[in-house]
Protein chains: 2
Amino acid sequence: MDNNNKYEETDTEQKILKAAAIVFERDGFAGARMQAIADECGMNKALLHYYFRSKELLFRRIFFAKFQTFFKDMVSLADTEIDFFLRIDMFIDNYMRMLLANPDLPVMLFTTIHQNPEFLQQLDGSFGLKMREIFQKEMDEGRIIKINPLHIITSIVGLSVMPFLARPMASHVFKIPAPEYQKLLEERGAFVKHAMRAMLKPI
Amino acid sequence: MDNNNKYEETDTEQKILKAAAIVFERDGFAGARMQAIADECGMNKALLHYYFRSKELLFRRIFFAKFQTFFKDMVSLADTEIDFFLRIDMFIDNYMRMLLANPDLPVMLFTTIHQNPEFLQQLDGSFGLKMREIFQKEMDEGRIIKINPLHIITSIVGLSVMPFLARPMASHVFKIPAPEYQKLLEERGAFVKHAMRAMLKPI
DNA sequence: AAAAGGTTTAACTAATTGGTTAAATTTATG
DNA sequence: CATAAATTTAACCAATTAGTTAAACCTTTT
């Protein structure tokens, strides 16, 4: 077989990656066991090492892919042709869709970066500056209140992500059954859109 | 010495608890090492077991104390003598103060409950129902928009907590130096108060 | 001051776990 | 079909780590 990677990854490799994502998102890096990943995809533990060398390399593979998933929607905020609040709406829609498909992603992401801040160095953070300019322009032209852009982005993400982060806690404290909580998550996007307008529209 | 606990806990015990809090908040339960806690307080590893028997019991001790810290301010929302938005303001002030004093608490809390949802069973969640009633009353009397109370509480917490959760990520992506980020955290409370009014005030 | 009880330590143990290896098995190739 | 190469497996190894133990060391009490 050719040894360069122009062919699709093998079925086995994909199965391992999928299983690893489940286990790492559930247990975190330190808590995850290679054996648990092997069990999850019904393969032998040595196979994981055959395909990915080490636990850390396998984890990095998962982590960086998931990190991109978490941030990729943000670039759509940069399309200045469209009305600012419509762009925000679009972003929130996409973001909530992504979160509903990856409900355990935020915990894994924040935990990993908290425990391994050096991972950030290997990540592209170039869109940060661009986003700053975009927000600045909207402020200068009086379409949103004047405020540090970081407050805006942490607000969108905070409002969107918190119901996912707090799910077990909130559903326990507020005694909400799983299906009702799910409905809440699905209607969250609409509320976040309303909230962002309310807090950013001038006067 | 008396064997009942009417006396203050020993200095050593306090030192261990403090060190354990630091290490567990930094590394999580699975990632934390008993030796690291011993090093952190300059004691012998066997001492930790002498005082707390096992890693898990020591962790539970820290966790349940911190969990209370995270939720205790919420009861102040129940004092219906005071105007609703003033109560919200007070809560946000206290909450931000708590977060500034415990910036690593949210990551540890969300991660732990995500990985050990059974911990919730041992926690008092009685204030959830009370809080629901409080919000319902404000809605019925037209002082805030009609919305599921969970959206309100996750909004306050999400807006307050996200800048702490996202600190390493956000300061990297937006290239914000540590002192400036600290200033942002300190002014966050004011913004959250504004945002909550804006999103909840009718029309 | 000496006995007793509580505290601290160094050395040790057992179990877990990431990773290796060499053999077995399947798949591709001439 | 036979040979080579890639894939999969079971058994094994070395390192880490939670937890134990017994002795040394204080502190209190009589």
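Numbered from 1 within each chain, the chains take letters A, B, ... in sequence-line order. Hydrogens, waters and symmetry mates are skipped; everything else that's a heavy atom, side chains included, is used.
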Nearest-Å distance, [atom1] ([X]) to [atom2] ([N])?
X: Leu57(A); N: dG18(C); atom1: CG; atom2: P; value: 14 Å
X: Asp27(A); N: dG18(C); atom1: CG; atom2: P; value: 11 Å
X: Leu47(A); N: dA23(C); atom1: CG; atom2: P; value: 18 Å
X: Leu58(A); N: dT17(C); atom1: CG; atom2: C1'; value: 15 Å
X: Asp39(A); N: dG18(C); atom1: CG; atom2: P; value: 12 Å
X: Phe52(A); N: dG19(C); atom1: CZ; atom2: C1'; value: 16 Å
X: Leu48(A); N: dT17(C); atom1: CG; atom2: P; value: 15 Å
X: Asp11(B); N: dG6(C); atom1: CG; atom2: C1'; value: 16 Å

Pick out which of Phe127(A), Phe91(A), Phe84(A) makes a side-chain contact (heavy atoms from CB on, under 4.5 Å) with Leu77(A).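 Of the listed options, the one satisfying the test is Phe91(A).
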
Could you give the distance from CZ (Arg26(B)) to CD (Gln115(A)), rounded to the nearest 0.5 Å?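 Between atom CZ of Arg26(B) and atom CD of Gln115(A) there are 10.0 Å.
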
Distance, nearest 0.5 Å, that separates CG of Leu109(B) from CG of Leu165(B):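 Answer rounded to 0.5 Å: 10.0 Å.
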
Would you say the ring centroid of Phe59(B) lies under 6.0 angstrom from that of Phe52(B)? no

List for me each residue that meets ring-ring contact (aromatic ring centres under 6.0 Å, His included) alongside Phe174(A), sequence neighbours excluded, and say none if there are none. none

Classify the side-chain pair His151(A)/Glu187(B) by whether it contains a donor and acceptor separated by less than 3.5 Å.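 Yes, a side-chain donor-acceptor pair sits under 3.5 Å.
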
Less than 3.5 Å apart, any donor N or O on the side chain of Thr154(B) or Arg188(A) sitting next to an acceptor on the other?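 Distance-only check passes for Thr154(B) and Arg188(A).
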
Looking at Thr12(A), I'd like to know whether one of its side-chain N or O atoms comes within less than 4.0 Å of OP1 or OP2 on dT8(D). yes

Within the pair Tyr50(A) and dT9(D), is there a side-chain N or O less than 4.0 Å away from OP1 or OP2?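 False: Tyr50(A) side-chain N/O out of range (4.0 Å or more) of dT9(D) OP1/OP2.
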
If we only count heavy atoms from C-beta on, is the Leu17(B) to Tyr51(B) side-chain gap below 4.5 Å?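 Leu17(B) does not reach Tyr51(B) side chain to side chain.
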
Using a 4.0 Å heavy-atom cut-off to protein, can you give one letter per nucleotide of nucleotides 15-21 of chain D, 5' to 3': B if the base is in contact, S if only the sugar-phosphate is, - if neither? --SBBBB

Is the side chain of His172(B) donor-acceptor paired with the backbone N or O of Leu120(A) at a distance under 3.5 Å, no angle test? yes

Return the polar atom pairs (N/O with N/O) between nucleotides 22-24 of chain D and the protein under 3.5 Å, or none.
none

